[in-house]
2 protein chains.
Amino acid sequence: MRLLLVEDDRLLAEGLTSQLEKAGFSVDITHTAKEAVVLGKQEDYKAGVLDLGLPDGNGLDVLRKWRSSKVTFPVLILTARGDWQDKVNGLKAGADDYLAKPFQTEELIARLNAIMRRSEGRVHSTVKVGRFELDENRQCLQIEDGTEHSLTGTEFRLLRCLMGRPGHIFSKEQLMEQLYNLNESPNENIIEAYIRRLRKLVGAETIATRRGQGYLFNDSV
Amino acid sequence: MRLLLVEDDRLLAEGLTSQLEKAGFSVDITHTAKEAVVLGKQEDYKAGVLDLGLPDGNGLDVLRKWRSSKVTFPVLILTARGDWQDKVNGLKAGADDYLAKPFQTEELIARLNAIMRRSEGRVHSTVKVGRFELDENRQCLQIEDGTEHSLTGTEFRLLRCLMGRPGHIFSKEQLMEQLYNLNESPNENIIEAYIRRLRKLVGAETIATRRGQGYLFNDSV
DNA sequence: CCGGATTTTCAGAAAGAGTTCAGGTTCGTG
DNA sequence: CACGAACCTGAACTCTTTCTGAAAATCCGG
């Protein structure tokens, strides 16, 4: 059970490490964001514990860099007490859980076990259609020619819907339901606008229009 | 409109039920996961509402059991506020939508209607006559030689009418009634115009004219 | 509060579907 | 066999839907 602990407070890091080792983990420590990024990419950890308050850069950036380079092990972030914003941002950036300082080591261990258990069943999930591959974790689109495009949130949700069922016609109303909830309902033209953007990525022929019916993702080719 | 409500909080369940019934649903309640699994498999519901926090087993397991035994009605899951993980897992396990507690009953009803509407189109229905197959979902015509033509709305409605009863003679007046409602009544020549377009797809011999009587779709070959 | 990214809106252009029209053709009947 | 009614045909026209590019509004992190 290899763990990466990213924590600049050396005293805390030492203490944690000894307890984690007692609990059966094998722990690598690093104190800097820079090293954390490299280690995370290089080594094969089963989980990471990441303090967000680092001297040489933000912990969130470390997490984002990991996630954008296919580092998929579960990450628990440590935040200052009550720092609600950090917590939210952390989860958005791909963290699996968080713990506010100060905390009991038992709780950290319990949560680490929890996120590791959860992550076991987690596949690096991608949707593949023709020469396109949509990466759900990284929210980006890879094309067979080797190019890769990161998508904005709305672009991604729309494309996932279409690619999730290639050949199926989705009406604009259905797509609206997928992208927006009941209280927010923008102009229907918004679908057309996003379809256009996606077509610039995947090519116009890949997303077909069925006039009066809707749109579909072409599974052939 | 039969619904299954799986909710262990009896008070909440009662309240919801009375409101759902006002909205025109007929609701079965169960408080346990065990019973939920059985009922879902046994009865013919149009949708399900599933609370993930159940005493005797996880709501997700109920959903998984349903889905792995071909229970296909749409399911909306109720999660504790902000329980981000539950929501994600729920959707992965086959839920159609989710709602975080606490919620407005109106929103629940709206979403139920939405997922039920969406699920209607899930059955794949086609009409097959001779070497032609009309796909009602995709509104397109497949021919035995492998070609496929997507149809416009009016083309499709007319062809479905003819193919729905091969060999039967439909008068122009009957066809007009099928295609248009009372307030819109275009030139009668419109039928001839569309028959012509269809013949270009299926071949002139496939749609026969009975002078003075009407048209029919040839079932022989 | 600023600057960049993202989302949303808008309005004119383009394309497509639906409809009409003006002959031409065919058929049945007297 | 001549005539009218019914039907066929191709093109033109109208109206709706979709496309498109740009601008405005909003969100978000610093």
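Chain A is the first sequence line, chain B the second, and so forth, proteins listed ahead of strands; every chain is numbered from 1.
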Got a sec: does the CG of A:Asp44 have more than 12 other heavy atoms crowding it under 6.0 Å? no

Please identify which of these residues, A:Thr209, A:Ile190, A:Ile207, meets the side-chain contact (heavy atoms from CB on, under 4.5 Å) condition with A:Ile195. A:Ile207

Please check the phosphate of C:dG16 (OP1 and OP2 only) for any side-chain N or O of B:Thr152 closer than 4.0 Å. no

A:Tyr194 OH to C:dT8 C1', straight-line distance once rounded to whole Å: 8 Å

Can you measure A:Asn187 atom CG to C:dT9 atom P for me and round it to whole angstrom units? 5 Å

So, does A:Gln174 use its side chain to make a donor-acceptor pair with the main chain of A:Ser171 at under 3.5 Å? yes

Electrostatic pair A:Arg2-A:Glu43, nearest N-O below 4.0 angstrom: yes

When you measure from the side chain of B:Thr209, which nucleotide among C:dT20, D:dC7, D:dT20 comes out closest? D:dC7

Using atom CD of B:Glu188 as one end and atom P of C:dA22 as the other, report the distance to the nearest whole Å. 18 Å

Looking only at C:dT8, D:dC19, D:dC7, the nucleotide nearest the A:Tyr180 side chain is C:dT8

Out of C:dT7, C:dT9, C:dG18, which has the shortest distance to the side chain of B:Arg197? C:dG18

Could you tell me how far apart A:Arg157 (CZ) and C:dT7 (C1') are, to the nearest whole angstrom? 10 Å

Compare side-chain N and O positions of A:Lys172 against OP1 and OP2 of D:dT18 and report whether any pair is under 4.0 Å apart. yes

If you take atom types as modelled and just measure distance, does the side chain of A:Arg211 reach the base of D:dT17 with a donor-acceptor pair under 3.5 Å? yes

Could you check whether B:Phe156 gets within reach of a base, just the sugar-phosphate, or nothing at all, counting any heavy atom under 4.0 Å? nothing

Calculate the interatomic distance between A:Arg210 atom CZ and C:dG16 atom P; express it in whole Å. 12 Å

Spacing of A:Glu192 atom CD relative to C:dA13 atom C1', expressed in whole Å: 13 Å

To the nearest Å, how far apart are A:Arg64 CZ and D:dG30 C1'? 12 Å

Nucleotide of C:dT8, C:dT6, C:dT19 approaching B:Ile190 most closely (side-chain heavy atoms): C:dT19

What integer distance in Å separates B:Ile195:CD1 from C:dT25:C1'? 18 Å

Give the nucleotide from the list D:dC19, C:dG18, C:dA22 with an atom nearest to the side chain of B:Asn189. C:dA22

The side chain of A:Pro186 is closest to which nucleotide in this list: D:dC19, C:dT8, C:dG18? C:dT8

Take atom CZ in B:Arg210; do more than 12 heavy atoms of anything else shown fall under 6.0 Å from it? no

